[in-house]
Amino acid sequence: MRLSRYFLPVLKEAPAEAEIVSHRLMLRAGMIQQLAAGIYNWLPLGFRVLKKIEQIVREEMDRAGAIEILMPTIQPADLWIESGRYDAYGPEMLRILDRHERKMLYGPTNEENVTDIFRRHVKSYRQLPLNLYHIQWKFRDEIRPRFGVMRGREFLMKDAYSFDLDAEGARRSYDAMFVAYLRTFARMGLTAIPMQAESGPIGGNMSHEFQILAQTGESHVYYDRAFEEIDFSAADLDVDRLKSLYAATDDKHDPARCPVPAERLRAGRGIEVGHIFYFGTKYSKPMGATVTGPDGREVEVEMGSYGIGVSRLVGAIIEAYHDEHGITWPRPVAPFEVGLVNLRPDDSACAAMAEDLYRRLQAAGIEVLYDDRDERAGVKFATMDLIGLPFQVTVGPRGVKEGKVELKERRSGARSELAPESLLDRLTS
RNA sequence: CGGGGCGUAGCUCAGCCUGGUAGAGCGCCAGCUUUGGGAGCUGGAUGUCGCGUGUUCGAAUCACGCCGCCCCGACCA
């Protein structure tokens, strides 16, 4: 992508409404634009990151055996009346009337909808286990939306729903999601600590929330330092051990009753990016989601639901990865992998080398944002540092004379001078 | 919803107290110079001063009402 033809409205100064660093940086880097309280436009750069995160989540859900569907944002109230949640959910749910004055709502979650799909098509235990998920916009009319995309009213969520014949099966489904979540966050460069949690309005009796450690996080968290030695991207995660390790948010943490000795207890701040629930027959019972079991009897299915805040992750990753100059994206979620800067578009030797590199990087399958603008060096460097692409490649008259370009790794700041061929090797390896 | 604050140019803000018809920096447009870390000079464009009502000869400024946004609190992916 040529920056001269792109839409990247960066801001030199942060708009006054933004308080926390991820919100300020998302606005400054031209990723989002606020439309109303807790409701945002996603501009090209932000949208690319959202898609990257979404895709990682999708791949890990698929790997764990979940199957993607797409349910609508608008739902009829009938289903919610049937489950008993229409009255229970409260003003957080956006209720609307259609032209026929039928009660509708903008879905804050999809348990009812997915249970309806299930009951209409699944009749036998032989079709279980089943896990259906989708990645769709939700609306929760929060009392106080804040922190940009971290607590929006409209937000993108991945929600998965498992169906099993019995509690033991449901536990296996739960554990599979538990592991998939750890892998998902690890792929984005995040350490997410699973913490025992209240199940809240979703209901149920087994629940974990996944907290990303970040200094600017909202919740205070306490956890066994044993978590720090765990490689969450490992293939053989021991779920039972992870569940047994202590971790709690401050509202549940009681220093007097904490089972972890002080020298092993770590305190920090966290951002909740995922939450998983096992709730048995809470929805299958009132909505009649049953299958015929092996013994010929009708059985209400055991369910769980599993949420990841996809749009919140964009903010959470920035909270974890930024410095004084801007964002420092982990490579898997960066909007582009490489920022190619031509310092002197008016110089034919620079332009020739930059254009050639641009073509070759693209041919090698690397996502490049090519700054071919007629701007001064400082402006270009500042823009690149702000948007935080993992690698910056600078083509300038100084290096071109010797047939070299400069490679800068954004996060470490490490620079090296390389010939174009070695650069391509470095970036494609 | 309770408490606090803010709404003036695209962005950051001054002006409001003490009423006289709107400014700065950055950005934008044009030209010249400059060119390895947010350049310099010259010229130029850009505002229903959030909305409404009232007071007044006169309102960005004073009063009242409304709307929007931000921060703290309870809630959540």
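All of these numbers come straight from a predicted model, not from anything done at the bench.
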A/Asp346 has its side chain closest, among B/C76, B/U35, B/G38, to B/U35

Scan A/Ala18 against the nucleic acid and name what it touches under 4.0 Å (heavy atoms): base, sugar-phosphate only, or nothing.
-> nothing

Paired to B/U56 by Watson-Crick or G-U wobble criteria (both distances under 3.5 Å) is none

task = Kindly indicate whether the side chain of A/Glu375 and the base of B/G38 share any N or O donor-acceptor pair separated by less than 3.5 Å?
result = no

Hey, what's the ring geometry for A/Trp42 with A/Trp137, parallel, tilted or perpendicular (30° and 60° as the breaks)?
-> tilted

**OP:** Take A/Tyr278 and A/Phe178, measure what ring pair (Phe, Tyr, Trp, His ring centres under 6.0 Å) needs, and give me the verdict at the end.
**Re:** CA-CA 11 Å; A/Tyr278 162 64; A/Phe178 189 100; over 10 Å; no

With a 6.0 Å cut-off on the ring centroids, do A/Trp80 and A/Tyr89 count as close? yes

A/Arg415 has its side chain closest, among B/G37, B/U35, B/G38, to B/G37

From CD of A/Gln33 across to P of B/G10 the rounded distance in Å is 13 Å

With a 3.5 Å cut-off and just heavy-atom distances, do the side chain of A/Arg144 and the base of B/C70 make a donor-acceptor pair?
no

For B/C32, the nucleotide meeting Watson-Crick or G-U wobble distances (both under 3.5 Å) is B/G40

Comparing A/Met157 with A/Pro145, nearest RNA chain B nucleotide closer to 5' gives the residue A/Pro145

Of the listed B/A77, B/G36, B/C75, the closest approach to the A/Arg146 side chain comes from B/C75

From the candidates B/G36, B/C70, B/G27, the one with an atom nearest any side-chain atom of A/Thr394 is B/G36

Using only heavy-atom distances, decide whether a donor-acceptor pair under 3.5 angstrom links the side-chain of A/Arg28 to the base of B/G38. yes

Rounded to whole Å, the CD-C1' distance (A/Gln392 to B/G37) equals 11 Å

A/Ile212 atom CD1 is separated from B/A77 atom P, nearest whole Å, by 15 Å

Applying the 3.5 Å cut-off to both distances, the Watson-Crick or G-U partner of B/U46 turns out to be none

Is there ring stacking between A/Phe381 and B/G38, where the centres must be under 5.5 angstrom apart and the planes under 30 degrees?
no

Of B/G38, B/A77, B/G36, the nucleotide closest to the side chain of A/Arg398 is B/G36

Cut-off 3.5 Å, side chains only: do A/His322 and A/Ser22 have a donor facing an acceptor?
no

Do we see a donor-acceptor contact under 3.5 Å between the side chains of A/Thr109 and A/Glu111?
yes

Mate of B/C76 across any strand shown (Watson-Crick or G-U wobble, both atom pairs under 3.5 Å) is none

Of B/G37, B/C69, B/U12, the nucleotide closest to the side chain of A/Pro15 is B/U12

A/Asp385 has its side chain closest, among B/G36, B/G37, B/C69, to B/G37

Side-chain contact check for A/Ile143: nearest option of B/C76, B/A74, B/A39 is B/A74

Assign each of A/Thr383 and A/Glu154 the nucleotide of RNA chain B bearing its closest heavy atom; nearer the 5' end lies the nucleotide of A/Thr383

From the candidates B/G38, B/C69, B/A77, the one with an atom nearest any side-chain atom of A/Glu142 is B/A77

Paired to B/A22 by Watson-Crick or G-U wobble criteria (both distances under 3.5 Å) is none

Practice item. Quote, to the nearest angstrom, the C1' distance that separates B/U56 from B/G20. Key: 12 Å

Note to self: Run A/Ile135 and A/Arg58 through side-chain contact (heavy atoms from CB on, under 4.5 Å) and show every step you take.
What the structure shows: CA-CA 8 Å; A/Ile135 300 172; A/Arg58 175 176 290 117; 3.8 Å; yes

* Asked: Does A/Glu13 get its side chain close enough to the base of B/G10, under 3.5 Å, for a donor-acceptor pair?
  -> no

For B/C6, the nucleotide meeting Watson-Crick or G-U wobble distances (both under 3.5 Å) is B/G68

- Task: Looking at every strand, decide which applies to A/Gly90 at a 4.0 Å heavy-atom threshold: base, sugar-phosphate, or nothing.
- Result: nothing

Practice problem: Mark yes or no for whether A/Gln211, through its side chain, and A/Ile271, through its backbone, hold a donor-acceptor pair below 3.5 Å. | Solution: yes

Quick check on B/A39: is either OP1 or OP2 less than 4.0 Å from any side-chain nitrogen or oxygen of A/Arg376? yes

